[in-house]
Every structure is written in structure tokens, then in C-alpha cells.
Trainee: 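This is the structure, below, for whatever I ask next.
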Amino acid sequence: MKDVTLLLQDGTKFHGKSFGYDAPVAGEVVFNTAMMGYPESLTDPSYAGQIMVLTFPLVGNYGVPPFTFEENGLPTFMESDKIYASAIVVADYSEKYSHWNAKESLAEWLKREKVPGITGIDTRELTKVLREQGVMMGKILFDDEPDNIPEADYSGVNFVDKVSTKEIITYKPQSSNPQTPTKKVILVDCGVKANIIRCLINRGCEVIRVPWNYDYTDMEFDGLFLANGPGDPDMCEDAVKILKKQMQKSDKPICGICMGNQLLAKAAGAKIYKLKYGHRSHNQPVRMVGTDKCFVTSQNHGYAVDASTLGTDWEELFVNMNDGSNEGIRHKSKSWFSSQFHPEACSGPVDTEFMFDKFVEALRK
């Protein structure tokens with residue numbers, strides 16, 4: 001293992017050992033407090049451009065599942081077709097792994113996909129720095145290559161354009177009721193997780209996945225789904241313009257997740273702001289507005305909706321119980337709603353998968 005240094009934007013240094021691909025890299029340093037789920041998190045396109053720090057100390061002990069694909073083209077155990085995170089930082093990497101479904105070690109996978117990994121760093125101390133100072137840019141530097149210094153930026157980069165599909169892809173429903181017509185759903189791919197598509201086709205929907213800036217307003221469909229994705233939603237003005245056009249044209253149901261929540265809010269006139277250190281975990285408590293119902297949710301986002309700037313026809317649907325930030329919105333009279341958290345929750349809790357049921361019910365009215 002080579003000696004490696006994580007250099008933060010403010011000059012703070014953390015020293016560790018490389019267990020992944022030996023190459024310097026730069027990105028926005030963020031932390032995730034989940035206790036498991038590194039295969040799903042690493043392949044979540046929402047981590048594009050980011051160095052992922054895991055606070056749970058032991059990582060790699062259950063290895064990595066096979067990178068297989070189903071007949072419909074969706075990965076069986078991952079959330080996309082490759083690792084999207086720029087690097088992973090852990091406290092204690094477990095070289096030995098044991099799991100019924102493991103086919104390789106985390107180190108072998110990282111090396112195969114040319115993604116750096118660091119171990120031996122006090123990730124909880126690192127997290128304290130990020131919580132106090134806010135997320136910041138960082139560099140992974142190899143001590144024997146002092147002159148090989150990468151450069152990268154996160155703000156002002158359209159990461160959605162980097163990860164979105166470049167072509168239209170159709171997914172047929174997994175199950176269908178002969179007495180119930182199949183509903184067509186346009187899915188705007190801002191960096192969609194595979195399990196979002198799976199949750200829709202498992203409910204009998206035909207999903208038509210389109211690029212983030214594709215004008216779908218003249219297509220034939222029953223509902224619109226706005227997917228998750230990385231980076232700043234203010235970089236996705238083309239998607240917002242098309243969404244506004246659709247909302248003016250039709251009252252067809254609309255549902256959004258994560259980035260989709262922010263795009264829907266922007267189309268509703270709201271403003272977006274960047275959180276100090278974001279929400280990335282499996283244990284974010286969320287309350288449904290107007291009720292005492294609370295849910296444990298899986299989240300991965302660094303931006304939030306300023307609910308006070310929503311138009312008069314809109315209202316909050318969920319709020320975060322930790323910091324009061326917005327966790328979802330809805331239109332007061334139309335079937336347009338969204339969540340900032342991930343109801344498909346792979347990996348994570350499945351308490352809020354009813355969001356998909358609510359959307360499909362709206363399609364059938």
C-alpha cells in the first residue's frame with residue numbers, strides 16, 4: 001500500500017494508505033453516515049465529482065457482489081453501470097471479506113474501475129472538519145508523486161449532463177394486469193438510480209428514459225417522473241424550461257425524487273440553496289407536513305429547496321426533523337409532488353416506497 005495524503009481546500013491534511021487504484025484525483029469531499037451499502041453508493045450517479053468519506057469505521061468486510069445485468073438492462077445489484085464517485089475514504093479497510101453473494105473484494109473492484117481508495121484515516125475527525133467548515137474541495141495525492149497534482153471543480157459544472165443517458169431507452173413492465181392498461185411514464189434521467197426504474201416497472205409501468213434536456217412535451221405518455229442526479233440544479237435550466245412547458249400544457253401526474261424535487265420546485269418558482277454539508281445517510285428523519293407521521297429515509301444531496309419561495313399554489317409535503325429543511329413539495333390541486341429523500345431506498349430503509357404507489361394511483365385516475 002502506497003502512502004497517500006488527502007489535502008482539503010483549507011490546507012488540512014490527512015495521511016493514509018492507498019488500497020484502490022493508485023492515481024491522484026480531486027473532487028468535492030463529502031461524508032456518508034450509513035453503516036452499509038458501499039456498492040450501491042459508489043454506483044449512484046449522484047456521487048459524480050465527489051470524494052466519498054464513510055464514517056462507519058469498518059468497510060469492505062462483505063466484499064462486492066457480481067456486476068450482472070437483468071434482461072431489461074438494469075444492473076442486478078448495483079445502481080448504475082459503473083462507479084461514479086471519484087474516490088472513497090475509509091477508516092479501516094477489511095482485506096478479507098465474507099458474504100454469500102460476494103465475487104470480489106472492494107479493493108479489486110476499485111482497481112478494476114480505476115477509482116482510488118484510502119484507508120487508515122480518522123474519518124470521524126474528518127467528518128467533524130466538514131461539519132464545522134462545510135464540504136470543500138479536496139485532493140488525493142500520492143506521497144511519491146509530489147508533482148502530480150490534479151485540479152477539479154464542483155460548482156459551475158453540469159454533472160447531470162455528464163451522467164445522463166444520451167439516448168432514449170424503454171423498459172417494459174415486469175408485471176401487468178390484462179384488465180388494467182399499461183401506463184407510460186417519461187423518466188427524465190438526471191442520473192437515475194436503477195432501483196427507481198425497477199420500482200416503476202414492478203408496478204406495471206412502461207418507463208421511457210430520456211436525456212435530462214430532451215423535450216418530451218409532444219410525446220404520448222401518462223405521467224412524468226423526474227429522477228435524481230448530481231451537482232447543482234441551477235445548472236439544469238433546460239430541464240426546468242421543458243418542465244414548465246409540460247406543466248402549462250397538461251395536468252398529467254408528475255413525481256420527482258432528490259434532484260427531481262429541486263427541478264419541480266424551480267419550475268414552481270422556488271429558489272435552491274446549498275446545504276453546509278448535505279444529507280448523505282440512511283437515517284434522516286422526515287415528517288409528513290400536517291401529520292405526526294415520521295419516516296426514516298435514505299438521502300444523498302447537497303442542495304435544498306427554499307420552501308419560503310414556493311408559489312402560492314404549492315406547499316411543503318415533507319420536512320427534515322433535524323434541520324427543518326425541505327424534503328418534498330406538492331401542488332395544492334394537481335397530482336404534482338416530490339420527495340428530496342430516496343423512497344426506492346437502495347440501499348437503505350423502505351419506509352417511503354408508498355411514494356411510487358401514490359404516483360401510479362394518480363396515473364390510473
Side-chain angles (χ1 to χ4, degrees), residues 34 36-48 64-84 101 103 163-165 167-177 180-212 221-230 253-261 282 295-301 328 337-364:
M36 39 73 75
Y38 54 83
E40 295 88 346
S41 292
L42 284 168
T43 55
D44 180 353
S46 291
Y47 276 110
V64 176
F67 219 125
T68 55
F69 291 83
E70 300 169 4
E71 290 185 6
N72 55 23
L74 294 177
T76 311
F77 304 108
M78 308 295 186
E79 285 304 306
S80 66
D81 59 342
K82 66 176 184 178
I83 295 176
Y84 277 92
N101 197 33
K103 296 300 180 184
V163 304
S164 176
T165 181
E167 59 185 2
I168 297 176
I169 306 171
T170 299
Y171 302 88
K172 296 297 183 180
Q174 290 292 90
S175 58
S176 59
N177 186 337
T180 306
T182 298
K183 296 297 182 180
K184 289 188 177 182
V185 174
I186 295 291
L187 185 143
V188 180
D189 179 13
C190 298
V192 65
K193 290 173 65 181
N195 210 42
I196 290 177
I197 299 173
R198 188 176 290 110
C199 283
L200 290 170
I201 62 177
N202 284 350
R203 286 166 172 78
C205 296
E206 177 180 330
V207 176
I208 305 166
R209 179 180 178 182
V210 302
W212 72 277
F221 60 94
D222 300 295
L224 178 65
F225 204 97
L226 310 171
N228 64 292
I254 302 174
C255 182
I257 289 177
C258 200
M259 172 71 79
N261 176 60
H282 289 169
F295 306 94
V296 178
T297 67
S298 176
Q299 301 195 16
N300 176 19
H301 62 98
F337 57 94
S338 56
S339 69
Q340 187 61 58
F341 53 85
H342 281 267
E344 85 289 349
C346 194
S347 61
V350 294
D351 302 41
T352 54
E353 206 171 288
F354 63 81
M355 291 289 288
F356 292 97
D357 298 326
K358 183 178 178 181
F359 176 62
V360 172
E361 287 172 9
L363 296 178
R364 304 196 184 284

Trainee: If every non-hydrogen atom of Ala227 is compared with every non-hydrogen atom of Asp189, which pair is closest and at what distance?
Mentor: CB-CA, 4.5 Å
Trainee: Can you list the residues that meet the ring pair (Phe, Tyr, Trp, His ring centres under 6.0 Å) rule with Tyr171, with sequence neighbours excluded?
Mentor: none
Trainee: Restricting to non-hydrogen atoms, name the atom on Val163 and the atom on Pro230 that form the minimum distance, rounded to 0.1 Å.
Mentor: CG2-CD, 3.7 Å
Trainee: Please check: side-chain N/O of Asn228 versus main-chain N/O of Gly191, any donor-acceptor pairing under 3.5 Å?
Mentor: yes
Trainee: Using 0.5 Å steps for rounding, measure from the CD atom of Glu79 to the SG atom of Cys346.
Mentor: 4.5 Å
Trainee: Taking ring pair (Phe, Tyr, Trp, His ring centres under 6.0 Å) as the definition, give me every residue that meets it alongside His301, ordered by chain and number, with sequence neighbours left out.
Mentor: His279
Trainee: Quick one: CG on Asp44 to CG on Asn300, what's the gap to the nearest 0.5 Å?
Mentor: 5.0 Å
Trainee: Using the test side chain to side chain contact (heavy atoms under 4.5 Å, CB included), find all partners of Thr352 that sit at least two apart in sequence or belong to another chain.
Mentor: Phe295, Thr297, Phe341, Pro343, Phe354
Trainee: Return the set of residues passing salt bridge (charged side-chain N to carboxylate O under 4.0 Å, His left out) with Glu361 (not counting sequence neighbours), or none when no residue passes.
Mentor: none
Trainee: List for me each residue that meets side chain to side chain contact (heavy atoms under 4.5 Å, CB included) alongside Lys184, sequence neighbours excluded, and say none if there are none.
Mentor: Glu206, Ile208, Phe221, Asp222
Trainee: Got a second to check how far Leu74's CG is from Ile201's CD1, nearest 0.5 Å?
Mentor: 5.0 Å
Trainee: Kindly compute the distance separating NE2 (His282) from CD (Glu40), expressed to the nearest 0.5 Å.
Mentor: 7.5 Å
Trainee: Strictly distance-based, threshold 3.5 Å: is any side-chain N or O of Ser80 a donor or acceptor partner for the main-chain N or O of Thr43?
Mentor: yes
Trainee: Could you pull out the closest heavy-atom pair between Pro173 and Gly204, with the gap in Å?
Mentor: CB-C, 3.5 Å
Trainee: Over all heavy atoms of both residues, which pair between Met355 and Phe337 is shortest? Give the atoms and the distance, please.
Mentor: CE-CD1, 3.7 Å
Trainee: Examine distances only and state if a side-chain atom of Asn195 and a backbone atom of Glu344 form a donor-acceptor pair shorter than 3.5 Å.
Mentor: yes
Trainee: Strictly distance-based, threshold 3.5 Å: is any side-chain N or O of Ser338 a donor or acceptor partner for the main-chain N or O of Gly260?
Mentor: no
Trainee: Calculate, to the nearest 0.5 Å, the distance between atoms CZ and CD1 belonging to Phe225 and Ile254 respectively.
Mentor: 12.0 Å
Trainee: Among all residues two or more places apart in sequence or in another chain, which pass the salt bridge (charged side-chain N to carboxylate O under 4.0 Å, His left out) test with Asp81?
Mentor: none
Trainee: Salt bridge check, Glu71 against Lys172: does any charged N sit closer than 4.0 Å to a carboxylate O?
Mentor: no
Trainee: Working to the nearest 0.5 angstrom, can you tell me the gap between Leu200 CG and Leu187 CG?
Mentor: 6.5 Å
Trainee: Which pair of non-hydrogen atoms, one from Leu363 and one from Cys205, has the smallest distance, and what is that distance?
Mentor: CD1-SG, 3.9 Å
Trainee: Step by step, work out the side chain to side chain contact (heavy atoms under 4.5 Å, CB included) result for Val360 and Arg364.
Mentor: CA-CA 7 Å; Val360 172; Arg364 304 196 184 284; 3.7 Å; yes
Trainee: Arg198 and Val207: side chain to side chain contact (heavy atoms under 4.5 Å, CB included), yes or no, with the steps?
Mentor: CA-CA 9 Å; Arg198 188 176 290 110; Val207 176; over 6 Å; no
Trainee: For the residue pair Val296 and Pro349, what are the closest heavy atoms and their distance?
Mentor: O-CG, 3.3 Å
